[in-house]
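Quick one: this structure, given as structure tokens, is what I'll be asking you about.
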Amino acid sequence: MSLTKKILIALFLGVITGLILTFVPENIYSVLDTYILNPVGQIFIHLIMMLVVPIVFVSIVLGSAGLGDPAKLGKVGIQTISFFLTTTAIALCISLALAYMIKPGTEGVFNVSAADYEASEAPPIMETLVNIIPTNPLSSMSSGDMLQIIAFAVFVGIALALLGKKTLGMYRLFEQANEILMLLVNIVMKTAPYGAFALIASAIGGAGLNAIGSMGAYMGTVILGLIIHAAFTYSLAIWLIGKGNPIQFYKNFFPAMSVSFSTASSSATLPISIKTAQENIGIDKNISSFVQPLGATINMDGTAIMQATAAVFISQVYAIPLDFSDIIMIILTATLASIGTAGVPGVGLIMLAMVLTQIGLPVEGIALIIGIDRILDMLRTALNVTGDATCAYLISESEKRKKAG
Ligand code: ASP
């Protein structure tokens with residue numbers, strides 16, 4: 001049986017098991033989760049996390065060295081960031097329109113007085129920008145600071161390209177390291193069905209049916225936004241700009257989507273999404289190596305959709321009307337918040353505090369959605385990762401056409 005089929009079956013069984021677990025007494029669920037589901041899921045996450053830093057570093061060095069000319073690298077960088085910003089803006093418009101049409105915050109009865117959430121401070125923007133350049137690349141690697149690792153790898157890649165033949169031995173070494181890492185991804189992927197099953201059963205069982213039921217309208221609005229963005233924005237881009245078949249694209253990319261869904265982490269999925277994009281979709285290696293790690297760090301359309309929907313939802317629950325300037329503010333801050341969201345589980349919700357504070361909404365509102373956020377996190381991460389691959393595909397196809405023409 002193919003890996004995709006196995007993962008599909010695991011996802012299905014994970015959902016069913018999770019739903020069954022919502023009916024068993026809390027203490028039984030907790031024993032099953034502590035001793036079986038959580039450890040199995042965590043082993044899978046550790047296995048792939050183990051590969052993230054080396055793969056990001058090696059593949060970006062190879063990608064930027066392979067693109068050769070720093071001017072070309074700059075052009076790909078500008079195209080990538082333009083695509084990321086445009087699709088995030090579209091995602092925000094879709095989710096705001098849906099949130100105003102469906103009005104999820106006026107549907108149920110919400111216990112606002114019980115809501116309690118302590119927000120943490122978002123770092124100032126200038127500091128974040130300056131910090132992209134690491135003062136100690138080794139410490140960036142050991143702490144897994146993605147933007148710093150990317151910056152250092154780009155510098156090393158450019159140096160390799162400029163030194164050319166002189167550093168051919170080093171270049172080959174990076175190529176061999178890449179081969180080793182890709183083989184490891186293959187081996188780790190064999191455990192994906194078990195990891196996916198355990199993570200999904202644990203997430204659904206942990207949220208509980210009551211929470212899922214009372215938050216149904218909010219969850220539905222977010223999920224609809226995610227589906228529309230994938231089905232229209234990305235599909236149209238793949239079809240019209242990339243001249244490809246969106247259905248085939250999603251089919252080929254499915255293993256990466258399923259892993260992002262079960263781990264709820266764009267970063268952890270990187271090894272698999274890079275490999276799937278290069279081998280199943282045929283995206284140019286240099287472009288995928290550069291675009292996907294950058295996307296996994298700053299491009300989060302799914303997260304932006306959740307943040308905009310949540311802001312409108314909280315304003316409706318607390319009956320605080322938002323005017324046009326608030327809506328513009330949501331678009332601006334949710335774009336920044338999604339860029340600043342790290343590709344790990346749950347950070348999108350923490351960054352939501354920044355959006356709420358900017359428009360003067362109560363940060364305690366986050367407490368209302370925290371219980372079911374893991375399930376939405378899984379879905380939005382799948383969209384986040386798909387957006388990165390879509391961008392890499394479009395740039396790769398346009399480069400191929402340029403070469404052919
Ligand atoms: N879990 C998301 C990701 O890794 C980020 C978030 O929205 O929390 O892409």
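Order of listing sets the numbers, starting from 1, for every ligand and every atom in it. In this chain, numbering begins with 1 at the start of the sequence shown.
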Which protein heavy atom lies closest to atom 1 (N) of ligand 1, and at what distance to 0.1 Å?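 Among all protein heavy atoms, the one nearest atom 1 (N) of ligand 1 is D377 OD1, 2.7 Å.
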Relative to the heavy atoms of T303, which atoms of ligand 1 are at a distance of less than 4.0 Å?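 Listed by number with element: 5 (C), 6 (C), 7 (O).
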What residue and heavy atom of the protein are closest to atom 8 (O) of ligand 1, and at what distance?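 Looking at atom 8 (O) of ligand 1, the protein heavy atom closest to it is G348 N, 2.7 Å.
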State the atoms of ligand 1, each with its element, that fall below the 4.0 Å cut-off from a heavy-atom position in S265.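 Once the distances to S265 are compared, the set is 4 (O).
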Ligand 1 and T341, any nitrogen or oxygen pair closer than 3.5 angstrom?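 In this structure, T341 places no N or O atom under 3.5 Å from an N or O of ligand 1.
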Greater than 12 external heavy atoms within 6.0 Å of K402's NZ: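 Buried by this count: over 12 neighbours within 6.0 Å.
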Please could you name the atoms of ligand 1 that G346 approaches to less than 4.0 Å, counting only its heavy atoms?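 Heavy-atom distances to G346 below 4.0 Å select 8 (O).
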Compute the shortest N/O to N/O distance between S267 and ligand 1 and return yes if it is under 3.5 Å, no if not.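 Looking only at distances, the answer is no, because the N/O contact criterion of under 3.5 Å is not met.
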Give a yes or no answer on whether the side chain of N384 reaches the backbone of D301 with a donor-acceptor pair at less than 3.5 Å.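 Yes; at least one donor-acceptor contact below 3.5 Å.
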Give yes or no for whether the N/O distance cutoff of 3.5 Å, strictly under, is met between L349 and ligand 1.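 No, L349 has no N/O under 3.5 Å of an N/O on ligand 1.
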Below a 4.0 angstrom heavy-atom separation, can you tell me which part of M306, side chain or backbone, both or neither, approaches ligand 1?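 Neither part.
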What are the two closest heavy atoms between M351 and Q307, and how far apart are they?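 Smallest heavy-atom distance, with atoms named: CB-NE2, 3.6 Å.
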S235 side chain to A230 backbone, donor-acceptor under 3.5 Å: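 Looks like yes, one N/O pair under 3.5 Å.
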Just go through L352, N299, L379, T381 and tell me whose heavy atom is the nearest to atom 2 (C) of ligand 1.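 Comparing heavy atoms across L352, N299, L379, T381, the nearest one to atom 2 (C) of ligand 1 lies in T381.
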Pick one of side chain, backbone, both or neither for how V385 approaches ligand 1, counting any non-hydrogen atom pair under 4.0 Å.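 No part of V385 is near ligand 1 at this cut-off.
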Which residue owns the protein heavy atom closest to atom 3 (C) of ligand 1, what's the atom, and how far is it?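 The protein heavy atom lying closest is S266 OG, 3.3 Å.
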Could you tell me which atoms of ligand 1, counted from 1 in the order shown, lie closer than 4.0 angstrom to a heavy atom of M300?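 Here the atoms of ligand 1 in question are 9 (O).
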side-chain hydrogen bond (donor to acceptor under 3.5 Å, both in side chains), that's the test. Do D323 and S325 meet it? Break it down for me. CA-CA 6 Å; D323 58 24; S325 64; 2.9 Å; yes
So which of V56, I55, I48 actually passes side-chain contact (heavy atoms from CB on, under 4.5 Å) with L270?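 The residue from V56, I55, I48 that satisfies side-chain contact (heavy atoms from CB on, under 4.5 Å) with L270 turns out to be V56.
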How close do L349 and R380 get, counting heavy atoms only, and between which atoms?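 Looks like N-NH2, 4.1 Å.
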In terms of the angle between their ring planes, are Y393 and F249 parallel, tilted or perpendicular, with boundaries placed at 30° and 60°?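 Y393 and F249: perpendicular rings.
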Could you check whether Q278 and S288, counting side-chain N and O atoms only, form a donor-acceptor pair closer than 3.5 Å?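 Indeed, the side chains of S288 and Q278 share at least one donor-acceptor pair under 3.5 Å.
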Give the atom numbers and elements of ligand 1 that come within less than 4.0 Å of a heavy atom of A264.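 Within the 4.0 Å cut-off of A264, ligand 1 contributes 1 (N), 4 (O).
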